[in-house]
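Below is one structure, written out as structure tokens; comments come after it.
In what follows, every chain begins at residue 1, and chains take the letters A, B, ... in the order their sequences are listed.
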Amino acid sequence: MLAFRARFRGVFGMAKYPFTEIEKKWQRHWEVNKTFRVHEDYSFPKEKRRYVLDMFPYPSGAGLHVGHPEGYTATDIYCRFLRMRGYNVLHPMGFDAFGLPAENYAIQTGTHPAVTTKANIQRFREQIKALGFSYDWDREVSTCDADYYKWTQWIFLKLFDKGLAYEAEMPINWCPSCKTGLANEEVKDGECDRCHTKVVRKRIRQWVLRITAYADRLLEDLELVDWPEAVKLMQRNWIGRSEGASVRFAIASGPGQGGAAASTGQGGAAASTGAASAPVGDNFIEVYTTRPDTLFGATYMVLAPEHALVEKITTPAQKAAVEAYVEAATKKSDLERTDLAKDKTGVFTGAFAVNPVNGHQIPVWISDYVLISYGTGAIMAVPAHDDRDWDFAKEFGLPIVQVVAAEGSEEARAGTVAAEPAACTAADGVAVNSGEWNGTSTAVFKTKIIEGLESRGIGKKTVNYKLRDWLFSRQRYWGEPIPVVHCPKDGVVPLPESTLPLILPEVKSYTPTGTGESPLANTGAWLDTTCPVCGGPARRETNTMPQWAGSCWYYLRYIDPNNAHEFVQPSRLEYWMPVDLYVGGAEHAVLHLLYSRFWHKVLYDLGFVNTKEPFLRLVNQGMILGEDNQKMSKSRGNVINPDDIIREFGADSMRVYEMFMGPLEVSKPWSTAGLVGVSRFLERFWAISEALAEGTKRLVDEAPQGDLSKLLHRTIKKVTNDSDTLNFNTAISAMMILSNEAAKLEALPRSLWESMILMLGPYAPHLAEELWERTGAADTLARHPWPSWDEASCADEQKEIVVQVNGKIRERFVAPAGTAEDRLAERARALPKVLEWTTGKEVVKVVTVKDKLVNIVVKG
RNA sequence: GCCGGCGUGGCGGAACGGCAGACGCGGCGGACUCAAAAUCCGCUGUCCUCACGGGCAUGAGGGUUCAAGUCCCUCCGCCGGCACCA
């Protein structure tokens with residue numbers, strides 16, 4: 001650190017204000033006086049209440065790095081600003097304390113995760129407090145406290161009652177390193193989002209939440225919130241709603257017919273052209289398509305290898321090949337199966353289906369490019385208008401029939417195209433090779449053909465989602481136990497609410513078993529229990545909830561953190577909800593933020609919360625990169641520790657610097673050199689205060705005059721507006737300009753000095769409180785009224801008018817504010833400099849902007 | 001591949017379609033000092049010019065406009081998301 005100090009500030013004779021003492025003093029003051037404790041005070045009308053929330057941290061062993069406090073500083077400044085503007089502000093903090101890292105660390109070191117988690121929370125709390133944030137610490141929650149997770153379990157029971165939590169034996173994403181199943185949202189590029197191990201498929205018993213039941217509302221209600229468009233878009237894409245049709249294709253009676261036609265690439269030309277009758281029983285293949293208008297171009301079908309019909313329809317001749325393919329597909333990882341670079345593979349089943357619109361018999365194949373988990377697990381293949389089908393058809397020599405042509409093209413006019421198209425296109429157009437429908441536009445045809453299929457009872461309009469149900473159980477120890485028992489007689493039985501919380505038991509070993517069972521499976525006494533229904537012996541559920549569970553609803557618990565009877569008291573909920581501003585990292589765009597919205601909507605439907613959406617406005621803070629412009633990481637050795645910065649420059653410098661770096665939402669590199677500039681700005685405040693104490697400057701009661709008055713009013717206006725809109729960087733810049741001017745004054749107007757201190761309050765609260773006290777103020781500035789400005793005092797009485805000739809600036813002159821535009825033009829044209837550029841040329845046009853500019857357009 | 005976002009001095013970044021580069025860092029020069037540190041003052045996009053002044057500049061190229069960093073189109077680069085979802 002000494003080297004650090006020497007490099008940036010010089011070892012000797014630093015002018016440095018005593019920030020360490022000041023910051024300790026005021027942190028103690030706020031804590032002892034509970035300055036930021038907040039109540040449901042009804043003297044504040046609804047519009048004067050704000051709920052400002054930070055994404056609470058996961059207390060890792062590494063402690064805070066400079067990225068963490070960025071969002072926290074932003075919300076803190078905003079909250080302090082709001083309080084001074086007369087708002088009652090709920091601003092809480094807590095800890096997302098269940099989860100894998102703590103557990104892994106515990107396994108490594110042999111300490112209980114509860115112990116390390118507690119220590120980590122302690123450390124985080126101290127580090128956060130060292131930055132002087134104005135949280136109401138009386139509302140702190142930790143998701144691993146039984147008093148908290150009692151209600152997480154309670155919400156789970158509500159989900160269970162509503163049929164939104166169910167057990168399923170299904171193939172899941174399994175991380176071999178974390179030894180647990182993962183939700184789809186936790187898998188990125190086929191890797192575990194946390195540890196980047198390739199996930200494998202594993203079939204085990206799971207708890208799953210029916211988030212898909214809320215897909216439409218999760219999509220629609222994005223309209224209700226003020227969130228970054230990018231995040232909304234990510235959620236929309238993740239939900240992935242599509243409209244199309246499900247269509248039934250009858251399986252052709254005699255296997256083997258037309259096989260030669262298919263293998264020679266002649267389409268269904270040899271098949272009968274009569275309309276097929278509606279299929280009955282399970283003698284059909286149902287597909288989902290978003291392009292029912294291309295039905296005439298469906299020349300083959302593909303089933304996912306796992307499809308139930310595969311076994312049934314495969315002909316004896318193809319049996320061996322099909323079984324081998326299915327076997328191979330099962331062994332492949334999801335990543336291998338979805339690898340786009342690879343060529344398409346597949347096997348013909350030997351069976352044929354009947355295209356319901358033209359009666360052609362088309363071959364049925366299996367291929368792993370069709371996913372069992374989407375739609376019906378089967379597709380009609382239209383190689384002329386789908387890239388994947390095109391590739392497959394080319395690979396296996398299957399027929400390709402064009403059924404859409406560009407509007408106005410020759411093909412469109414002809415209506416019939418005999419040749420195979422040269423390329424695949426998914427573009428809309430008009431129908432060709434589609435019998436009576438030729439010439440119909442794609443959009444119209446979609447509707448018409450669905451009507452037709454519906455009337456024949458073989459198809460209907462269908463909506464599909466990419467969103468899958470939420471895999472909710474983890475085969476790990478450090479999480480909320482799922483409050484159900486398994487009874488041989490009564491099956492899965494939820495615990496009665498009155499028995500909650502179901503305490504996570506102490507265990508000898510919390511090492512994950514890797515077998516698909518959690519360590520809780522080895523806890524004899526806890527495991528064996530009685531069934532709440534029949535009283536007979538039963539076994540507890542051994543899976544635990546994922547880390548996301550606790551964070552799904554923590555914002556609600558802050559409202560009433562100590563309520564032992566309800567998860568939150570309705571009147572308090574009514575007082576504070578919804579969250580007005582939520583600030584956190586963009587990495588939660590489709591994880592926490594989707595899960596949380598889902599739970600909130602369930603609670604809304606049950607009448608437990610009063611808003612459809614939990615978070616009205618969302619802001620993602622940008623990442624703070626290392627000085628090398630790279631992501632901060634231990635391995636790169638570019639991590640900046642806030643403790644060091646606070647020790648060397650003070651918490652206030654740290655806070656103001658992080659806000660001065662640039663806009664909150666963008667990523668930007670840390671620069672300790674840049675921090676020095678901010679530090680000097682704060683020292684200037686201190687120096688002014690010292691000069692006042694020493695008498696080299698004096699405080700005068702006269703109001704500032706002239707330019708100084710204008711600067712003061714303008715600064716108040718700018719800092720007010722910028723603080724309100726979270727543009728803290730430009731607010732700080734404005735304060736710098738004002739403080740530079742103030743430092744030059746020997747006679748400092750009291751109103752100027754006090755306004756400066758008050759505006760600094762939210763940004764550098766420790767220093768501001770100290771300076772405020774030094775002015776003789778009796779009370780903290782935390783709720784002192786924010787300074788106001790006078791609009792008239794902001795205005796210039798003289799304006800500099802820019803004169804352009806053909807858009808280039810040639811001269812400028814001063815005119816009284818509000819001078820008529822024609823008068824400005826007149827004056828501009830008479831200027832000698834302007835005449836140099838205009839004489840001998842024809843003036844085509846003169847554009848004037850009041851109080852700003854004259855542009856003379858000349859020709860020749 | 002598809003969908004977003006972003007490209008401005010040596011650096012972080014400012015800029016209702018109307019003076020590009022506020023503010024800060026760094027650099028250069030000066031004051032103070034025996035000297036240094038700290039502090040204060042001045043200069044600091046680039047090219048031409050002794051100067052006055054002028055040209056060129058917001059990733060590249062087009063366009064709209066009296067006027068474009070800002071709006072539109074094409075392209076390049078970086079970052080993020082999705083990835084055979086029929």
Side-chain angles (χ1 to χ4, degrees), chain A residues 6 9-16 188-190 228-238 240-242 244 287-291 294 302 337-342 344 367-371 373-382 385-389 391-392 426 464-468 586-587 589-590 623 627 629 631 657 660-663 665-678 680-681 683-684 687 727 729-737 740 743-744 800-810 812 833 844-849 852-858:
Chain A
R9 310 188 54 135
V11 174
F12 312 104
M14 286 172 290
K16 181 164 158 177
K188 292 223 173 358
D189 299 324
E229 272 311 312
V231 175
K232 288 193 189 185
L233 195 71
M234 271 192 253
Q235 292 214 349
R236 283 192 193 108
N237 290 342
W238 191 260
R241 183 181 199 273
S242 75
V287 302
Y288 171 72
T289 176
T290 54
R291 292 295 300 274
T294 61
V302 187
R337 283 184 61 162
T338 56
D339 184 1
L340 276 173
K342 80 168 163 46
K344 295 274 187 287
S367 172
D368 62 8
Y369 87 90
V370 173
L371 308 174
S373 51
Y374 184 78
T376 60
I379 60 155
M380 65 176 211
V382 185
H385 306 290
D386 181 285
D387 286 315
R388 298 152 301 185
D389 298 344
D391 291 345
F392 191 83
N464 247 310
Y465 301 91
K466 289 207 278 188
L467 184 71
R468 307 288 152 75
E587 67 273 17
V590 287
M623 220 173 342
E627 301 216 53
N629 232 314
K631 219 180 235 184
Y657 173 62
F660 185 62
M661 290 170 81
E665 301 85 348
V666 309
S667 293
K668 52 242 162 199
W670 177 268
S671 157
T672 302
L675 170 71
V676 172
V678 164
R680 287 207 265 258
F681 161 64
E683 268 158 17
R684 191 164 300 125
N727 293 119
N729 55 331
T730 47
I732 293 163
S733 160
M735 286 191 274
M736 283 174 167
I737 295 168
N740 285 342
K744 292 175 189 163
E800 188 179 57
I801 308 298
V802 168
V803 185
Q804 301 179 328
V805 179
N806 286 348
K808 285 197 200 281
I809 296 158
R810 297 303 181 188
R812 39 192 96 212
K833 200 62 175 298
V844 182
K845 188 176 186 178
V846 179
V847 181
T848 55
V849 180
K852 279 214 175 106
L853 142 156
V854 178
N855 187 12
I856 301 160
V857 185
V858 298

Closest heavy-atom contact between A:Val678 and A:Met736? CG2-CE, 4.3 Å
Give one of base, sugar-phosphate or nothing for A:Lys668, where a contact means two heavy atoms less than 4.0 Å apart. sugar-phosphate
Got a donor-acceptor pair under 3.5 Å from the side chain of A:Lys466 to the base of B:rC82? no
Go through B:rA86, B:rA15, B:rC40 for me and flag the one nearest to the A:Arg684 side chain. B:rC40
By nearest atom, which of the nucleotides B:rC41, B:rC23, B:rG53 is closest to the A:Lys833 side chain? B:rG53
Rounded to whole angstrom, note down the C1' distance from B:rC66 over to B:rG61. 24 Å
Which part of the nucleic acid does A:Ser667 contact within heavy-atom distance under 4.0 Å: base, sugar-phosphate only, or nothing? sugar-phosphate
A:Met661, nearest nucleotide to its side chain (from B:rG18, B:rG12, B:rA86): B:rG12
Can you figure out which of B:rC19, B:rG18, B:rA86 approaches the side chain of A:Val802 most closely? B:rC19
Please work out if A:Ile379 contacts a base, only the sugar-phosphate, or nothing of the nucleic acid, heavy-atom cut-off 4.0 Å. base
Among the nucleotides B:rA86, B:rG24, B:rG4, which one has an atom lying closest to any side-chain atom of A:Ser242? B:rA86
Quick check for you: among B:rG13, B:rG18, B:rA22, whose closest atom lies nearest to any side-chain atom of A:Asn855? B:rG18
Nearest to the A:Arg680 side chain among B:rC23, B:rU39, B:rA15, which nucleotide is it? B:rU39
Which one, B:rA22, B:rC56, B:rA86, comes nearest to the side chain of A:Ile737? B:rA22
Options B:rC66, B:rC23, B:rG55, nucleotide nearest the side-chain atoms of A:Arg810: B:rG55
